[in-house]
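Computation of the quantities below employed the complete heavy-atom set of this structure, encompassing side-chain atoms and omitting hydrogens, waters and symmetry-equivalent molecules. All residue numbers in this chain count up from 1 along the given sequence. All values reported here derive from a predicted model rather than from experimental measurement.
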Amino acid sequence: TILLALFHTTFNVILVLIRTPLVPRLIRFLHRIIPPRKTDLHLKIEHINTALPEEIINAFHQDTIYLIEQVARYDSGSLMLDPEAYKKRIEQYNTIKQVEEKLLETYIAYIKYEYTADQSQKLHTYNKIIVQAADSSKYIKEIAHHLDNIKDASLHDHIASCYAFFQQT
């Protein structure tokens, strides 16, 4: 049993030693085949000096506020509180998902840097806020879907009166 485990361990170590130098080449090859997606979100995090932790944290702060504003606009539109936003809710939801994806991707890339305890705490807090804001838009999306179903079923008198009551409140 020990010889078998030793053989497998040795085999795995040799494979790691052979494959490790090939990883950067594989990444470059994959980037040529599937280029990284360019966004037109105009996030601060995309235009900073990554050598300065203060800039990273400041950019996360500004972009988190931007995400929350987008979620608030989406929520009010999806709940039929703002007729103009209601028409743009699908586009707004896609923007929220793109911002969330970019911020979380960037968070993962930047978390490896050395930060003070306070800076690290701020980054973790922004990460939690980003996840919770995006989750709240998912819940609102489900509620909006149910509201649309009620609206579509409002041909029945009872449902129509419930829908009218909701629209007034």
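Inter-residue side-chain proximity for Ile130 and Phe60 is flagged as met; some heavy-atom pair is nearer than 4.5 Å. Within the 4.5 Å cutoff, side-chain heavy atoms of Ile48 are placed close to those of Tyr110. In this structure, the side chains of Tyr66 and Gln62 stay at 4.5 Å or more apart for every pair of heavy atoms.
Remark: Arg28 CZ to Ile33 CD1 distance equals 13.5 Å, nearest 0.5 Å. For the atom pair OH (Tyr126) and CG (Leu104), the distance works out to 15.0 Å, reported to the nearest 0.5 Å. Separation of atoms CD1 (Ile56) and CD1 (Ile45) is listed at 6.5 Å; rounding is to 0.5 Å. For the atom pair CG of Asn58 and NZ of Lys122, the computed distance is 9.5 Å after rounding to the nearest 0.5 Å. The structure places OG1 of Thr125 at 12.0 Å from NE2 of His61, a figure rounded to the nearest 0.5 Å. Taking NZ of Lys97 as the reference point, atom OG1 of Thr95 lies at 12.0 Å (rounded to 0.5 Å).
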Show me the donor-acceptor pairs, under 3.5 Å and distance only, between side chains in residues 1-19 and residues at least two apart or in other chains.
unit_1	atom_1	unit_2	atom_2	d
Thr9	OG1	Ala5	O	2.8
Thr10	OG1	Leu6	O	2.7
Asn12	ND2	His8	O	3.3

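Of all heavy-atom pairs between Ser136 and Val71, the closest is OG-CG1, 3.5 Å. Between Ile96 and Tyr74 the shortest heavy-atom distance is CD1-CB, 3.6 Å. Pairing each heavy atom of Ala144 with each of Ser78, the nearest pair is CB-O, 3.5 Å. In terms of heavy-atom proximity, Leu123 sits nearest to Tyr107 at O-CE1, 3.5 Å.
Every side chain to side chain donor-acceptor pair (under 3.5 Å) that Arg89 has, sequence neighbours left out, goes to Asp148.
Here the rule is side-chain contact (heavy atoms from CB on, under 4.5 Å) with Asp63, and of Lys44, His42, Glu46 only Lys44 fits it.
With Ser76 contributing its side chain and Arg73 its backbone, the two residues share a donor-acceptor pair below 3.5 Å. Side-chain atoms of Gln119 come within 3.5 Å of backbone N or O of Thr116 as a donor-acceptor pair.
Ile143 and Ile90 fall into different hydrophobic clusters, where Ile, Leu, Val, Met, Phe, Trp and Tyr residues are linked whenever their side-chain heavy atoms come under 4.5 Å apart, directly or through other members. When the side chains of ILVMFWY residues are joined at heavy-atom separations under 4.5 Å, either directly or via intervening members, Ile57 and Ile65 end up in two distinct hydrophobic clusters. Criterion: ILVMFWY side-chain heavy atoms under 4.5 Å apart, direct or through other members. Under it, Leu43 and Leu52 are not part of a common hydrophobic cluster.
For Lys138, the NZ atom counts as densely surrounded, since its 6.0 Å shell holds more than 12 non-hydrogen atoms of other residues, nucleotides or ligands. Counted within 6.0 Å of CZ on Phe29, heavy atoms from surrounding residues, nucleotides or ligands total 12 or fewer; the atom is thus considered open.
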